[in-house]
Structures are given as structure tokens and as C-alpha cells.
Visitor: 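Just dropping this structure here.
We count ligands from 1, going down the list as the structure has it; atoms in each ligand are counted the same way.
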Amino acid sequence: MKLLIINGPNLNLIGKREPSIYGNATFEDYYKELVSKHDRVSLEYFQSNHEGELVDKLHEVGFSYDGIIINAGAYTHTSVALADAIKGIESPVIEVHISNVHAREDFRHKSYLSPVCKGVVLGFGLQSYELAIQSFVS
Ligand code: DQA
């Protein structure tokens with residue numbers, strides 16, 4: 001099974017950025033754990049701070065991978081382009097968030113991606129990614 005994790009803007013700062021919300025672990029370290037835990041999954045990871053690069057990546061993998069797990073960061077709440085890209089590809093996409101966006105500011109309650117994703121996992125810290133992988137594997 002071929003899965004890709006896509007992280008959007010500012011998620012390269014996980015571990016340094018607002019640790020009371022996002023924790024102290026870097027995503028790179030957590031990703032290594034995920035890879036070693038899921039040795040039967042071909043797992044890849046892509047991060048970009050640029051909306052168009054995220055759209056390009058969805059187009060690139062979205063007709064051949066078994067699943068995509070996306071944390072689009074703040075673009076979740078603004079990007080019609082990402083929603084259209086997810087709508088336009090064939091691979092199922094799961095939206096994830098580290099924090100519980102519904103317990104935060106109002107502008108984080110709206111997601112352009114949720115209606116076009118297969119499912120949403122949020123609020124479990126970095127474990128949200130693990131739960132999304134499990135949903136593909138099981
Ligand atoms: C986030 C939540 C977003 O509102 C925020 O802009 C992020 C991270 C999360 O994983 O909790 O950058 O997607």
C-alpha cells in the first residue's frame with residue numbers, strides 16, 4: 001500500500017512552533033517512528049509552505065497512490081484550490097489536524113477540505129496521523 005503524508009504551511013516548524021498547542025516533537029522524528037511501525041506500508045512525506053506546490057503534489061500522486069493524508073495547516077480554512085485538487089483526483093484523501101480546531105478560534109472551524117475528503121482526524125496531537133494511516137490499513 002502506497003500512502004503519502006502532505007504537510008502544509010508552518011508544519012515544518014512543529015517541535016518549535018507554539019509547543020503548548022503542537023507539542024515538542026519534530027515531525028521528522030515522528031515520521032521516522034511511523035515508517036518503522038508500518039513496515040508493510042510504503043509511506044512517503046512531503047511538506048511545502050506554498051499552496052501551488054501542494055496542488056502540484058496532489059496532482060502528481062493522486063492517480064496512483066492508495067491514499068493521501070493531508071494536514072493543509074492554515075490553507076485548510078482558505079483554499080478553494082486545494083479543495084478542487086482533492087475533488088479532481090482519484091486517491092482517497094484524509095484530512096488531519098494536530099490540534100482540535102473546533103476548540104480554537106472561529107476562523108479555524110471552517111474547512112474547505114472536509115467536504116471533499118473521505119474522513120477527518122483531528123485533536124489527537126501527532127497521533128492524528130497514525131489514526132489516519134490505520135484507517136487506510138484496516
Ligand atoms: C493545524 C490547525 C490549523 O488551524 C493551523 O493553521 C495549522 C495547524 C493543526 O494541525 O492543528 O497550521 O492544521
Visitor: Per the salt bridge (charged side-chain N to carboxylate O under 4.0 Å, His left out) rule, what does the pair list look like for residues 57-67, sequence neighbours excluded?
Guide: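 Listed by first then second residue: K57-E60.
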
Visitor: Tabulate distances under 3.5 Å between N/O atoms of ligand 1 and N/O atoms of the protein, writing both atom names on each line.
Guide:
| from | atom 1 | to | atom 2 | distance (Å) |
| --- | --- | --- | --- | --- |
| ligand 1 | 4 (O) | H77 | NE2 | 2.7 |
| ligand 1 | 4 (O) | R108 | NH1 | 2.8 |
| ligand 1 | 6 (O) | A74 | N | 3.2 |
| ligand 1 | 6 (O) | R108 | NH1 | 3.0 |
| ligand 1 | 10 (O) | N71 | ND2 | 2.8 |
| ligand 1 | 10 (O) | I98 | N | 2.7 |
| ligand 1 | 11 (O) | I98 | N | 3.3 |
| ligand 1 | 11 (O) | S99 | N | 2.9 |
| ligand 1 | 11 (O) | S99 | OG | 2.6 |
| ligand 1 | 12 (O) | R17 | NH1 | 3.1 |
| ligand 1 | 12 (O) | R17 | NH2 | 3.0 |
| ligand 1 | 13 (O) | N71 | OD1 | 2.8 |
| ligand 1 | 13 (O) | H97 | ND1 | 2.8 |

Visitor: Does S79 use its side chain to pair, donor to acceptor, with the backbone of T76 at less than 3.5 Å?
Guide: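 Pair absent, no side-chain N/O of S79 close to backbone of T76.
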
Visitor: Are K110 and Y112 in a cation-pi setup, meaning NZ or CZ lies under 6.0 angstrom from the ring centre and within 45 degrees of the ring axis?
Guide: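 The answer is yes; both the distance and angle limits are met.
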
Visitor: Would you list the atom pairs, donor with acceptor, under 3.5 Å between side chains in residues 5-17 and any protein atom, with sequence neighbours excluded?
Guide:
| from | atom 1 | to | atom 2 | distance (Å) |
| --- | --- | --- | --- | --- |
| N7 | OD1 | Y129 | OH | 2.7 |
| N12 | OD1 | Q47 | NE2 | 3.4 |

Visitor: Please list every donor-acceptor pair under 3.5 Å in which a side-chain atom of residues 89-99 meets a protein atom from a residue at least two apart or in another chain.
Guide:
| from | atom 1 | to | atom 2 | distance (Å) |
| --- | --- | --- | --- | --- |
| S91 | OG | G62 | O | 3.0 |
| S91 | OG | Y65 | O | 2.7 |
| E95 | OE1 | S111 | OG | 3.2 |
| E95 | OE1 | S114 | N | 3.0 |
| E95 | OE1 | S114 | OG | 2.7 |
| E95 | OE2 | H97 | NE2 | 2.7 |
| E95 | OE2 | S111 | OG | 3.0 |
| S99 | OG | R104 | NH1 | 2.8 |

Visitor: Is there a donor-acceptor pair under 3.5 Å between the side chain of Y31 and the backbone N or O of L43?
Guide: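 Present.
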
